[in-house]
S.K.: 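Just passing along the structure, written as structure tokens.
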Amino acid sequence: MANTLLLMEVQMNLSKGLIGHTYVVEDIQLESSIMRRLQMLGLTQGTAVELLNKKRNGALIFKVRGTRFAIGKDVADGILIGGGVDEQ
Amino acid sequence: MNSSNEVINVAFIGNPNCGKTSLFNDYTGAKLKVANWPGVTVEKKEGSYKFRDKEYKLVDLPGIYSLTSYTMEEKLSRQYILEDEVDVIIDVADASSLERNLYLTLQLIELGKPVVLALNMMDIVEERGMEIDIHRLPEMLGIPVIPVSARKKTGLEVLMHAVAHHKNKNSLEKLEHHHDENGNTKHKHNHHYECVMVYSDEIEDMIDVVTERLQVKYPEMDNYRWHAIKMLEMDDEITEKYPIGLADIVSRSYELDIINQKYDFIEEVIQECLVNKDKKAHVTDKIDSLFTNRILGLPIFLAIMALVFFLTFTIGDSLKGIFEIFLKWFSGSTREFLGSVGTNEVLTSLVVDGIIAGVGGILTFLPNIFILFLALAFLEDSGYMSRVAYVMDSIMGKLGLSGRAFIPMMLGFGCSVPAIMASRSLEDPKDRMKTILVTPFMSCSAKLPIYVIFSQMFFPKYALLVTYSMYLIGLFVAVMVALILNTFDKKKNIHSLLIELPEYKAPNARSIAIYVWGKVKDYLTKAGTTIFFASIIIWVILNFGAHGMVTDMSESFGASIGKALSPIFAPAGLNQWKIVVALIAGIAAKEIVVSSMGILYGIGNINSVAGMAGMSAGLAATGFGALNAYSLMVFCLLYIPCAATIATIKRETHSWKWTIFAVCFQLGVAYFVSTLIYQVGRLFM
């Protein structure tokens, strides 16, 4: 139990997330041009993202502020998320 | 002032996929003028609309997410609004994803020109059980908000009415909203009556200082606040244009703070104005669970493409009959008419054997091209096209390209010109160059007539299969070229995919009709101009020789040129002077390969049973068989793109060197592959 709790608190990148779960963005570590574009699309620190789909090569689909985006693995790796948010 | 002559200049702006173009089309219909923005290959659409004695001049700006200066489209839109005579901005927002759309809205409001917010897709919002407080929203944003539906054409007149009213009024009364106060500020930032978006005290303090400095140095400047905000964001264009020393107060870019605070305000707006969030499960998610499925996604995509080509050939062919009957009648009666009025034989021959055979033959392919563009428009308008980028991302990744690069390649099935222009959506210049190099290998619609003719002549039983194989070879060559380039590419750069997946929607019949009509018009224009003149030139060089008009075509200028070059084509099995002439003529436009074949073999309608029989008999007599025909099709598929494509490559790459390289490279690939096929094929035949 203590172990899982620890895991929940550790940051991980979005590509490690589970399909159907919602996470909170804690940090974005990417090259500035792509980071800016993500931020302008509303992917800022503290926003909730829902992971909708994932492929074996690491590309994934997520939803932020009501809009779906597809991103490649390298972008997904730069988006750091905190533990899952309770879905209600 | 005479109000009946009043012209109001309106700019349409909005996020991609917000239905902006549909709304624009609702006002202008097909009567819109499409040109390019000066200096760049970004489409500029203009139209006009009349309502209650007022004339509205409408301009459709490119779809953008924000008003920074990172992309050509954003810079262009910003400049146009700031400098040109825009009276009112219509900001089109997708009401079903209001949260993201409002970001651009806030940026537009800051620009200082009158803005009217058109809340599009209100019908979808209602279907989903969402409710938007249409009274609170304008209060919070300080601009008029008009619900519209581009699809159902509702709210159109009310929107223009609001534009007319709002033209000279810059603001409604604005409401105060909360912002962090740290108490440690020069004065209370109570700007809420002047501007909608008020930032934190830290930023507002700096805006004050920057504004003061700008006022001193640039007393003529409009909208100090906006320029000050751009200075704090360290916007390249503005800081360069108005250099004022700010190093003492602005130590870093406040762009992220500004973005965050805008989104904080948007959240506040959403909290108050979006009464019911959508309850129903999204249809889009259900469709996506199939279309973007990790196992089924790719097979579904391939099946859709197979269906597209199947429809192109079958429906296209069944419609072709009507054109053929008309053309035969037209050609026959023209000859009769010209004979009856005593026109001399040379002129009759020019009109009937040159122009009608060339241009008319091409027109019979119009149904095929119509169906192909209809299908591509359907895929794009429904929202499926961007899923293709996701589905193809893993395969494209192996080629060193992002999935997004597949969209231009797919558009290449229609026409290379817009496809090469679409490569602009790729940020990395190297990715763009690579995509531009391989896109012409995707078989475009102009090459279709070549396959239809030759596959039906030489492979009557397997015509459809042979034509399919051309598309596959084109795709295969494009993939191989990209793969080889990637292997030699020392500095592997990351190819980041980032694309919005819009909600699926029933395609808008009107938008599709306008798009397809534009393509059909292009095709007809090409038939009437390029192909018309090429047909005349071909007819001339084939009917005149060193000693004037010749009766035997093999003594003509054309024959001499063709005969001189044909030995080079021997390894590919194409050493026929008539074919060499047709191939050279085909550089002007690919359809000309077919139209000049008609002229070369003296066939009125090449795309008919009798016409094909005549030509295959002529070819067979010279030993040109099925293998030669296949080699010819492959050569046509891969060789030098048409003149319009070459011009587009030059315009997009800004480099003659690269353009010439691309042309030579494609010629080399075509020669290599068709020779390979011919030589290997001969071993088995």
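As a basis for the values below, the full set of heavy atoms in this structure was taken, side chains included, without hydrogen atoms, waters or symmetry mates. Proteins get letters first, then strands, A, B, ... in listed order; numbering begins at 1 in each.
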S.K.: Any side-chain heavy atom of B:L497 within less than 4.5 Å of one from A:I71?
M.R.: no
S.K.: How close do A:N53 and B:N293 get, counting heavy atoms only, and between which atoms?
M.R.: ND2-N, 4.4 Å
S.K.: Report which part of A:L41 has an atom under 4.5 Å of a heavy atom belonging to chain B: side chain, backbone, both, or neither.
M.R.: both
S.K.: Which bit of B:Y103 is near chain A, if near means a heavy-atom gap under 4.5 Å: side chain, backbone, both or neither?
M.R.: side chain
S.K.: Which atoms of B:I259 come close to chain A, meaning under 4.5 Å heavy atom to heavy atom: side chain ones, backbone ones, both, or neither?
M.R.: side chain
S.K.: Looking at B:Q107, B:E267, B:R404, B:R387, which has the largest count of heavy-atom pairs under 4.5 Å with chain A?
M.R.: B:E267
S.K.: Which atoms form the tightest heavy-atom contact between A:T67 and B:S97, and what is the distance?
M.R.: OG1-CB, 3.8 Å
S.K.: So does B:D393 pair up with A:K73, basic N to acidic O under 4.0 Å?
M.R.: no
S.K.: Test A:R36 against every option in B:E233, B:E74, B:E255 by the salt bridge (charged side-chain N to carboxylate O under 4.0 Å, His left out) rule and name the one that passes.
M.R.: B:E255
S.K.: Under 4.5 Å from any heavy atom of chain A, what part of B:T68 do you find: side chain, backbone, both or neither?
M.R.: side chain
S.K.: I need the minimum non-hydrogen distance between B:V391 and A:K55, along with the two atoms involved.
M.R.: O-NZ, 2.8 Å
S.K.: Can you tell me how far CZ of A:R65 sits from OH of B:Y263, rounded to the nearest 0.5 angstrom?
M.R.: 6.0 Å
S.K.: For A:Q45 and B:N260: C-alpha separation, side-chain torsions, deciding distance, then whether side-chain contact (heavy atoms from CB on, under 4.5 Å) applies.
M.R.: CA-CA 8 Å; A:Q45 263 177 42; B:N260 277 329; 5.5 Å; no
S.K.: Which residue out of A:M35, A:R37, A:R56 racks up the most heavy-atom pairs below 4.5 Å with chain B?
M.R.: A:R37
S.K.: Which value, rounded to the nearest 0.5 Å, describes the distance between A:L52 atom CG and B:L501 atom CG?
M.R.: 9.0 Å
S.K.: To the closest 0.5 Å, what do you measure between CD1 (B:I499) and CZ (A:R68)?
M.R.: 14.0 Å
S.K.: Less than 4.5 Å to any heavy atom of chain B: does that hold for the side chain of A:L60, its backbone, both, or neither?
M.R.: backbone
S.K.: Which heavy atom of B:R100 sits nearest a heavy atom of A:F69, and at what distance?
M.R.: NH1-CZ, 4.0 Å
S.K.: With rounding to the nearest 0.5 Å, note down the distance linking CD in A:E50 to CG in B:D285.
M.R.: 7.0 Å
S.K.: Less than 4.5 Å to any heavy atom of chain A: does that hold for the side chain of B:S66, its backbone, both, or neither?
M.R.: side chain
